[in-house]
**Q** 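Below is the structure I would like to discuss, written out as structure tokens.
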Amino acid sequence: MNHREPISVLLTTEGTYPFYTGGVSTWCHRLTHELPSIDFTVLAVVTNPSPESKYDLAPNVRGVIKVPQWGLLQPAEYSHHQPASVVLRNLWNTTPQVIAACFKPIFERFLALLFSSNCDKEELGRVLLELHSYFQWYDYQKTMNSVEAWNILRHAVRAAWERRPPGTEHPTLAELKQAYRLLYHLLMVLHFPIPQADIAHSSAASFCGLPCLLAKLAHGTPYLLTEHGVYLREQYLNLRRQLKSFFVRWFVYRVVENIVELNYHFADLVAPVCAYNSRWEKHLGVPQSRIKVIFNGVDPEKFYSSRQESSGRVRVSTVGHIYPLKGQLDLIGAAAILRPKFDDLEVRFYGTPTDREYFDACRRKIAAFKLDNCVTFAGPTNEPWKVYNDADVMAFPSISEAFPYAVLEAMSCGAAIVASDVGGVREALGDCGLLVPARTPQAMAQAISFLLNNAAERRRLGEMARARALKYFTEEQFLRSYEATYGKLLSCRPERLMPVHSW
């Protein structure tokens, strides 16, 4: 690319790089390391202030900004980007009069848009920009914990709830408090200044996308959105289990739905990692002209076939964090069906438990089926290529997926694969493996049994998978696509869209 200065990219993440492992973090790591001519600043939305980096950062990563949503009440405690004098100035300037005169009208508009049946995304973007500008001059905690802010929320909820069908129970005080506490933490990203960059690139259509869309509104920074999983779909699946209160779920759904649609609305280009994701994006209003699928890719020199001598047991392995959407319970159910047919069966789960309740449920199921000498939790691995090559069959029982790196890596290693037919897995695997419906242990057991009994078919599918990975899913193709996309976005950088309010 013909630029005197390196392109600077603000890369935003949420619950992933560089503090947590997983597919999105692998993507970020390869992107930053293998595009050395581009300078990256990583803004990472994290769960608490204390995670340590799990990755060695590339020299062209100029800085990492942690934005903790939880584990603290006062964002100023973690405002290393601001001198103490600024923090104290903001605290002293935040008076009840300022909150009533400056914050109240903005917050009222924000909540009215949030609860409206047809939210104007341009107006919502403008309001969020005003909130962000306000929090650069006034204290976040003192404002959000004020009686004024609490009363605004109560009145907005009452007005919205009155429009619901008769008979709907009004939320209790405890439910209102829980909803407001969640909003307090979810919006904390608005407290943090946004670094200047040539391009803003979010790894999810979520709260980590807010700095990107605000950079676009304030400075005309082109906004590229890469969607790995479908964030909205995953929240629909997760929140029902995590939040017991119907009202609190409704409240958080309204927040999440609007944030997702706001990201879609303002992104100059949405780059899903598979065509499957684009169905959701189109349904939520993204025109085809702003969608460009960029597949993930792996290094075929690192992930290649090197079959080892058999250990004497037939081995089925899976790789992935242990949490509900990865479907390990279904593979345990399949193992229970397979065990009577294969006395020497060994099923290995590689990955970190990220949901303790789900992990405990997996262990209880293993004990209930008496599979302790058959099923093993092997923990995370730093040598996934060995896992793929040592297994007779690689199983991927996910309930929800995008375009998983583990499947591409296994394909590149020539593994025989059985996977749930979810997300973009079909796009990756094609006819080079066996697909089964999600949440069907019986179907997964039958497919695994077929491959364990047919060595020739395992070899044939593995060779086809390797060839398909080389043709469509190499790291080189993935990197060149992003490099070209950055250059194209920079060449058509718009003017500033909205004036920044000066308090």
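If you're wondering where the values come from, they're calculated on a predicted model, not measured in any experiment.
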**Q** With the threshold set at 4.0 Å, does a side-chain nitrogen-carboxylate oxygen contact exist between Asp268 and Arg290?
**A**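 Looking at Arg290 together with Asp268, the answer is no, because their closest N to O distance does not fall below 4.0 Å.
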
**Q** Glu108 and His155: side chain to side chain donor-acceptor pair (under 3.5 Å), yes or no, with the steps?
**A** CA-CA 9 Å; Glu108 285 176 335; His155 294 150; over 6 Å; no

**Q** Any chance the side chains of Asn263 and Tyr223 put a donor and an acceptor closer than 3.5 Å?
**A**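 The answer is yes; a qualifying pair exists.
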
**Q** Tell me, with the steps shown, if Gln69 and Val189 meet side-chain contact (heavy atoms from CB on, under 4.5 Å).
**A** CA-CA 7 Å; Gln69 285 185 310; Val189 67; 5.8 Å; no

**Q** Side-chain contact, heavy-atom cut-off 4.5 Å: Thr41 with Ile65?
**A**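 Side chain of Thr41 against side chain of Ile65, heavy atoms only: contact under 4.5 Å found.
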
**Q** Do Val98 and Asn93 come close enough that some side-chain heavy atom pair is under 4.5 Å?
**A** no

**Q** How about CZ on Arg339, more than 12 heavy atoms from neighbouring residues, nucleotides or ligands closer than 6.0 Å, or not?
**A** yes

**Q** Would you sort out whether Ile259 and Leu186 count as a side-chain contact (heavy atoms from CB on, under 4.5 Å), showing the intermediate values?
**A** CA-CA 11 Å; Ile259 294 300; Leu186 291 173; over 6 Å; no

**Q** With heavy-atom distances below 4.5 Å as the criterion, would you say the side chains of Pro195 and Leu43 are in contact?
**A**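 Of all side-chain heavy-atom pairs linking Leu43 with Pro195, at least one is under 4.5 Å.
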
**Q** Is the closest basic N to carboxylate O distance between Asp421 and Arg426 below 4.0 Å?
**A**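 Looking at Asp421 and Arg426, the cut-off is met.
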
**Q** Please verify the inter-ring angle class for Tyr236 with Trp280; under 30° counts as parallel, over 60° as perpendicular, anything in between as tilted.
**A**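 Answer is tilted, since the angle falls between 30° and 60°.
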
**Q** Test your reading of the model: is there a side-chain donor-acceptor pair from Thr16 to the backbone of Thr13, 3.5 Å cut-off?
**A** no

**Q** Give me the ring orientation class for Trp27 and Tyr482: parallel if the planes are under 30° apart, tilted from 30 to 60°, perpendicular past 60°.
**A** perpendicular

**Q** Might you confirm whether atom CZ of Arg363 has over 12 heavy atoms from other residues, nucleotides or ligands at distances under 6.0 Å?
**A**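 Yes, the 6.0 Å shell around CZ holds more than 12 heavy atoms from other groups.
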
**Q** Between Pro18 and Val42, what is the shortest heavy-atom contact and its length?
**A** CD-CG1, 4.2 Å

**Q** Please evaluate residues Ser25 and Lys54 with respect to the criterion side chain to side chain donor-acceptor pair (under 3.5 Å), reporting the C-alpha separation (whole Å), side-chain torsions for both, the decisive distance (0.1 Å), and the verdict.
**A** CA-CA 9 Å; Ser25 292; Lys54 298 291 194 298; over 6 Å; no

**Q** Here's one to test your reading of the geometry: is the NZ or CZ of Arg356 within 45 degrees of the ring axis of Tyr358 and under 6.0 Å from its centre?
**A**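 No cation-pi geometry.
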
**Q** Might you point out which heavy atoms bring Ala447 and Leu434 nearest each other, and give the distance in Å?
**A**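 Of all heavy-atom pairs spanning Ala447 and Leu434, the closest is O-CD1, 3.7 Å.
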
**Q** Working to the nearest 0.5 Å, report the span between CG of Leu225 and SG of Cys208.
**A**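 Result: 8.5 Å between the selected atoms.
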
**Q** Looking only at heavy atoms, what is the nearest atom pair of Pro397 and Leu331, with distance?
**A**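 Shortest heavy-atom contact: CG-CB, 3.9 Å.
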
**Q** Using only atom types and a distance under 3.5 Å, with no angle test, would you say the side chain of Ser398 pairs donor to acceptor with the backbone of Glu401?
**A** no

**Q** At their closest point, which heavy atom of Thr12 faces which heavy atom of Pro211, and how far apart are they?
**A**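 Where Thr12 meets Pro211 most closely, the heavy atoms are CG2-CB, 4.5 Å.
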
**Q** Calculate, to the nearest 0.5 Å, the distance between atoms CG and NZ belonging to Leu128 and Lys121 respectively.
**A** 11.0 Å

**Q** First locate atom CD1 of Ile194, then atom CG of Leu213, and finally report the distance between them rounded to the nearest 0.5 Å.
**A**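 That separation rounds to 8.0 Å.
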
**Q** Report yes if some heavy atom in the side chain of Asn48 is under 4.5 Å from a heavy atom in the side chain of Pro68; otherwise report no.
**A**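 Side chain of Asn48 against side chain of Pro68, heavy atoms only: no contact under 4.5 Å found.
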
**Q** Give a yes-or-no answer on whether the side chains of Ser203 and His228 include a donor-acceptor pair shorter than 3.5 Å.
**A**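 Short answer, no.
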
**Q** Checking the side chain of Trp161 only, and the main-chain atoms of Glu169 only, is there a donor and an acceptor separated by less than 3.5 Å?
**A** yes

**Q** Determine whether a donor-acceptor pair (N or O, by modelled atom type, separation under 3.5 Å) exists between the side chain of Thr376 and the backbone of Ala378.
**A**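 No: the side chain of Thr376 does not pair with the backbone of Ala378.
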
**Q** Please report the interatomic distance OH(Tyr134) to CG(Asn90), rounded to the nearest 0.5 Å.
**A** 9.5 Å

**Q** Sub-3.5 Å donor-acceptor pair from the side chain of Thr352 to the main-chain atoms of Pro380, do we have one?
**A** no

**Q** Is a donor on one side and an acceptor on the other found under 3.5 Å between the side chain of His132 and the backbone of Phe192?
**A** yes

**Q** Please check if atom CH2 in Trp92 has more than 12 non-hydrogen atoms from other residues, nucleotides or ligands closer than 6.0 Å.
**A** no

**Q** Can you confirm whether more than 12 heavy atoms, excluding those of Gln288, are under 6.0 Å from its CD atom?
**A** yes

**Q** With no hydrogens and no angle check, is any side-chain donor or acceptor of Ser278 less than 3.5 Å from a backbone partner on Ala275?
**A** yes

**Q** Can you find a heavy atom in the side chain of Pro96 that is under 4.5 Å from one in the side chain of Ile99?
**A**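 Result no, sub-4.5 Å side-chain heavy-atom pair not found.
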
**Q** Could you please spell out the steps behind the ring-ring contact (aromatic ring centres under 6.0 Å, His included) verdict for Phe103 and Tyr138?
**A** CA-CA 9 Å; Phe103 175 74; Tyr138 301 106; 9.8 Å; no

**Q** Which atom names give the shortest non-hydrogen contact between Ser206 and Glu14, and what distance separates them?
**A** OG-OE1, 2.8 Å

**Q** So do Met411 and Ile417 actually touch side chain to side chain, heavy atoms under 4.5 Å?
**A**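 With C-beta onward as the side chain, the pair touches.
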
**Q** Counting distance only, does the side-chain N/O of Thr172 pair as donor-acceptor with the main-chain N or O of Glu175 below 3.5 Å?
**A**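 Pair found, side chain donor or acceptor close to backbone of Glu175.
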
**Q** Within this structure, what is the CG-CG distance for the pair Leu129 and Leu190, rounded to the nearest 0.5 Å?
**A** 10.0 Å

**Q** Between the side chains of Tyr20 and Thr47, is a donor N or O closer than 3.5 angstrom to an acceptor N or O?
**A**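 Present: a donor and an acceptor within the cut-off.
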
**Q** First locate atom OG of Ser400, then atom CG of Leu325, and finally report the distance between them rounded to the nearest 0.5 Å.
**A**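 That separation rounds to 5.5 Å.
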
**Q** Is any side-chain heavy atom of Tyr264 less than 4.5 Å from a side-chain heavy atom of Val260?
**A** yes

**Q** Can any side-chain N or O of Glu427 pair as donor or acceptor with the backbone N or O of Tyr276 at less than 3.5 Å?
**A** yes

**Q** Relative to Phe19, does Lys66 satisfy both conditions: NZ or CZ under 6.0 angstrom from the six-membered ring centre, and within 45 degrees of the ring's axis?
**A**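 Relative to the ring axis of Phe19, which defines the angle, Lys66 lies inside both limits.
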
**Q** Using the side-chain contact (heavy atoms from CB on, under 4.5 Å) rule, take Met188 and Met144 through it: C-alpha gap first, then chi angles, then the decisive distance, then the call.
**A** CA-CA 10 Å; Met188 203 171 284; Met144 294 295 284; over 6 Å; no

**Q** Measuring only between side-chain heavy atoms, which start at C-beta, is Tyr231 closer than 4.5 Å to Val256?
**A** yes

**Q** State whether Asp355 and Arg241 are salt-bridged, where the test is any N-O pair (Lys NZ or Arg NE/NH1/NH2 against Asp/Glu carboxylate O) under 4.0 Å.
**A**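 Here Asp355 pairs with Arg241 in a salt bridge, since their nearest N and O are under 4.0 Å apart.
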
**Q** Please step through ring-ring contact (aromatic ring centres under 6.0 Å, His included) for the pair Phe473 and Phe478, ending with a clear verdict.
**A** CA-CA 7 Å; Phe473 310 126; Phe478 144 76; over 10 Å; no

**Q** Any idea how Phe107 and Phe110 line up, ring-wise: parallel (<30°), tilted (30 to 60°), or perpendicular (>60°)?
**A** parallel

**Q** Which atom pair, heavy atoms only, marks the closest approach of Tyr55 to Thr21?
**A**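 Nearest pair, atom of Tyr55 first, then Thr21: OH-CA, 3.4 Å.
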
**Q** Does the pair Asp372 and Ile366 meet the rule for a side-chain contact (heavy atoms from CB on, under 4.5 Å), with working shown?
**A** CA-CA 6 Å; Asp372 299 89; Ile366 290 169; 4.1 Å; yes

**Q** Is a side-chain N or O of Arg348 found less than 3.5 angstrom from the main chain of Val375, in a donor-acceptor match?
**A** no

**Q** Taking the ring of Tyr180 and the ring of Phe251, is the distance between their centroids below 6.0 Å?
**A** no

